[in-house]
Amino acid sequence: MTAVKYELIKVCKQSGARLGRVHTPHGVIETPAFMPVGTQATVKTMSPEELKTMDAHIILSNTYHLFLRPGHDIIGRAGGLHKFMNWDRPILTDSGGFQVFSLSDMRKITEEGVQFRSHLNGDKLFLSPEKAMEIQNALGSDIMMAFDECPPYPAEYDYVKKSLERTTRWAERCLNSHARPHDQGLFAIVQGGMHKDLRIQSAKDLTSMDFPGYAIGGLSVGEPKHLMYDVLDYTVPELPAGKPRYLMGVGSPDALIEGSIRGVDMFDCVLPTRIARNGTTMTSQGRLVVRNAKYAEDFGPLDPECSCYTCQNYSRAYIRHLLKADETFGIRLTTYHNLHFLLQLMRDVRQAIMEDRLLDFRDDFFTKYGLFDNDKGF
RNA sequence: GGAGGGCUAGUGAAGUGGCUAAACACGGCAGACUGUAAAUCUGCUCCUUCGGGUUCGGUGGUUCGAAUCCAUCGCCCUCCA
């Protein structure tokens with residue numbers, strides 16, 4: 001008996017995208033899905049109640065950050081992460097593998113694991129596949145991620161190959177040390193950089209083991225968009241149809257659509273919440289930097305087509321004022337809107353798949369968003 | 001009436017003869033942000049037809065050269081009468 005199961009509902013006749021459900025111990029995720037990121041056991045500035053009103057099905061949290069602070073032992077004694085943070089829907093925990101990449105100047109990688117220096121106080125710490133599983137077991141996430149290495153872009157072929165092979169061995173160690181497969185699912189992570197043969201090798205090696213889901217990592221690390229789409233084009237077909245596919249770290253609106261078209265079921269990204277805190281919003285007409293002076297007397301909503309709490313009640317001028325005055329309510333309003341925007345986008349994508357018109361939907365969306373001549377995508 | 005102190009770019013504030021169109025901070029304007037060391041970071045912020053032009057309370061001097069020295073006027077602050 002496995003904790004996480006994928007149910008395929010239908011395939012879009014026009015695009016090949018999948019409409020489905022991921023069943024987890026804390027409920028069902030309708031896919032394709034966007035997962036807001038709550039690294040430190042909170043989606044920055046949002047309460048769980050607010051996340052529910054925008055209908056987020058699942059959120060992310062992070063092994064490395066919670067290991068450092070407050071400590072997985074404390075969260076374990078609190079009764080697990082769900083109880084600790086008052087979120088009763090599914091949680092996916094990243095393994096800390098991405099921190100191996102983003103905190104690269106403070107770590108040393110060996111076959112056994114990774115020696116880290118804490119970014120908080122410089123403490124020497126060690127993370128390994130077994131340790132990452134122990135931590136995620138204590139957190140009690142619905143979906144755990146295997147401990148991987150996310151190589152930078154660009155990277156040497158030989159290094160990427162060695163790295164992916166180690167990531168595969170680490171995945172196997174994760175599987176073997178998985179303490180509670182009955183109530184926590186474990187996803188493996190395909191690596192291989194921008195190299196077709198390496199991606200296929202990684203996917204084949206990992207799918208030869210029985211993980212309840214597969215992620216594609218190592219993308220959205222600075223490479224051009226078309227390269228990422230190429231990787232998806234030849235990687236996704238290597239993944240089993242009966243299991244969920246998760247594209248890690250991707251969250252610009254265009255990439256969510258393009259990823260769905262290529263058969264991806266789950267996405268996560270800090271982009272909507274981070275740019276919200278820095279004054280940029282996503283709207284049906286494209287990105288809108290509401291902090292800019294030109295909105296000082298714009299009394300309309302961020303997005304005239306948006307039904308979210310922010311857009312129903314507050315103007316661009318007011319939000320700009322709050323942001324300029326460093327009032328926390330301002331970043332709460334933009335964060336709420338951006339998350340709602342992406343969650344609504346995924347609802348629209350699912351509807352379009354249901355009606356076999358996802359390619360049409362993409363073209364309409366891109367035209368309005370002004371994306372056809374924009375490689376950035378948000 | 002007397003004695004001191006001060007007046008520098010939008011604001012605050014360095015600078016007390018050349019390396020100063022003038023530090024720094026704030027404010028302002030823009031940009032970046034993709035499994036969150038990010039409510040963060042970066043750039044610009046006197047004018048300009050990019051050659052240059054005009055600045056440091058006003059005016060007049062000294063000097064090869066002044067925000068910096070002198071004189072004078074104005075305004076502000078403190079203390080003594």
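Every chain is numbered from 1, with letters handed out A, B, ... down the list of sequences. From a predicted model like this one, the values you see are computed outputs, not experimental measurements.
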For the side chain of A:T39, counting heavy atoms from C-beta on, which of B:A37, B:U36, B:C33 is nearest?
B:U36
Evaluate A:Y314 against A:F329 for ring pair (Phe, Tyr, Trp, His ring centres under 6.0 Å), listing each step before the verdict.
CA-CA 11 Å; A:Y314 303 97; A:F329 193 43; 5.5 Å; yes
With a 3.5 Å limit on both atom pairs, tell me what B:G1 is paired to, counting Watson-Crick and G-U wobble, or say none.
B:C80
Does A:R274 make a side-chain N or O approach to OP1 or OP2 of B:A39 shorter than 4.0 Å?
no
From A:R245, A:R21, A:R18, residue fulfilling side chain to side chain donor-acceptor pair (under 3.5 Å) relative to A:D265
A:R18
Verify ring pair (Phe, Tyr, Trp, His ring centres under 6.0 Å) between A:H119 and A:H65, making sure each step is shown before the conclusion.
CA-CA 10 Å; A:H119 70 275; A:H65 288 281; 5.4 Å; yes
Assigned glycosidic conformation for B:A37 [threshold 90° from 0]
syn
Which part of the nucleic acid does A:M106 contact within heavy-atom distance under 4.0 Å: base, sugar-phosphate only, or nothing?
base
Listed in order of residue number, which residues of residues 41-73 of chain A have a non-hydrogen atom at under 4.0 Å from RNA chain B?
A:K44, A:L60, A:N62, A:H65
Just name whichever nucleotide pairs with B:G60, Watson-Crick or G-U, keeping both distances under 3.5 Å, else none.
B:C70
Measure the distance from CG on A:L103 to P on B:A37 and round it to the nearest whole Å.
6 Å
Using atom C1' in both nucleotides, what's the gap between B:C46 and B:A21 to the nearest angstrom?
8 Å
Is there a donor and acceptor pair, one atom on the side chain of A:T273 and one on the base of B:U36, closer than 3.5 Å?
yes
Using whole Å, what does the distance between atom C1' of nucleotide B:G35 and atom CZ of A:F98 come to?
6 Å
Has A:R262 got its NZ or CZ under 6.0 Å from the middle of the six-membered ring of A:Y229, at an angle within 45 degrees of the ring axis?
yes
If we call it a pair only when both distances are under 3.5 Å in a Watson-Crick or G-U wobble match, what pairs with B:A9?
none
Euclidean distance, atom CD1 of residue A:I275 to atom C1' of B:A39 [Å, nearest integer]
14 Å
Name the orientation of the base relative to the sugar in B:G51: syn if the glycosidic angle is within 90° of 0, else anti.
syn
For A:K294 and B:C29, what is the distance between atoms NZ and C1' respectively, to the nearest whole Å?
13 Å
Considering every strand and a 4.0 Å limit on heavy-atom distances, what is the contact class for A:N292: base, sugar-phosphate, or nothing?
sugar-phosphate
Hey, which of these two, A:D148 or A:V289, hits RNA chain B nearer its 5' end, going by closest nucleotide?
A:V289
Look at all strands and tell whether A:T335 reaches a base, only sugar-phosphate, or nothing, counting heavy atoms closer than 4.0 Å.
nothing
Contact class for A:G330 vs. all strands (heavy atom < 4.0 Å): base, sugar-phosphate, or nothing?
nothing
Under a 3.5 Å cut-off for both contacts, is B:C41 paired Watson-Crick or G-U wobble with anything, and if yes, with which nucleotide?
B:G31
Give one of base, sugar-phosphate or nothing for A:L120, where a contact means two heavy atoms less than 4.0 Å apart.
nothing
For B:U20, which nucleotide in any strand shown is its Watson-Crick or wobble partner with both distances under 3.5 Å?
none
How close or far is atom C1' of B:G35 from atom CZ of A:F101, stated in whole angstroms?
10 Å
Looking at A:Q99, I'd like to know whether one of its side-chain N or O atoms comes within less than 4.0 Å of OP1 or OP2 on B:G35.
no
Would you please indicate if the ring centroids of A:Y64 and A:F98 are separated by under 6.0 Å?
no
Are side-chain N/O atoms of A:D205 and A:T168 paired as donor and acceptor at under 3.5 Å?
no
Test side chain to side chain donor-acceptor pair (under 3.5 Å) on A:N62 and A:Q40; report intermediate values, then the result.
CA-CA 7 Å; A:N62 186 277; A:Q40 309 212 59; over 6 Å; no
Using atom P of each nucleotide, how far apart are B:A23 and B:A9 to the nearest Å?
12 Å
Side chain of A:R320 only, please: which of B:C29, B:A37, B:A32 is the nearest?
B:C29
Under 3.5 Å, side chain of A:H82 to main-chain N/O of A:D142, donor-acceptor pair present?
no
Any donor-acceptor pair under 3.5 Å between the side chain of A:R277 and the base of B:A38?
no
Looking at CZ of A:R173 and CE of A:M133, how far apart are the two atoms once the value is rounded to the nearest 0.5 Å?
12.0 Å
Determine the contact category for A:D94: base if any of its heavy atoms lies under 4.0 Å from a base atom, sugar-phosphate if only primed atoms, P, OP1 or OP2 are that close, otherwise nothing.
base
Got a salt bridge between A:E111 and A:R169, using NZ or NE/NH1/NH2 to carboxylate O under 4.0 Å?
yes
Nearest-Å distance for atom pair CG/P, residues A:L271 and B:A38
16 Å
How many whole angstroms separate atom NZ of A:K324 from atom P of B:A30?
7 Å
How is A:Q191 classified with respect to the nucleic acid when contacts are heavy atoms under 4.0 Å: base, sugar-phosphate, or nothing?
base
Which whole-number value in Å describes the distance from A:Y295 OH to B:A30 P?
10 Å
Watson-Crick or G-U wobble partner for B:U55, using a 3.5 Å limit on both distances?
none
Which nucleotide in the list B:A37, B:U34, B:G35 gets nearest to the side chain of A:D105?
B:A37
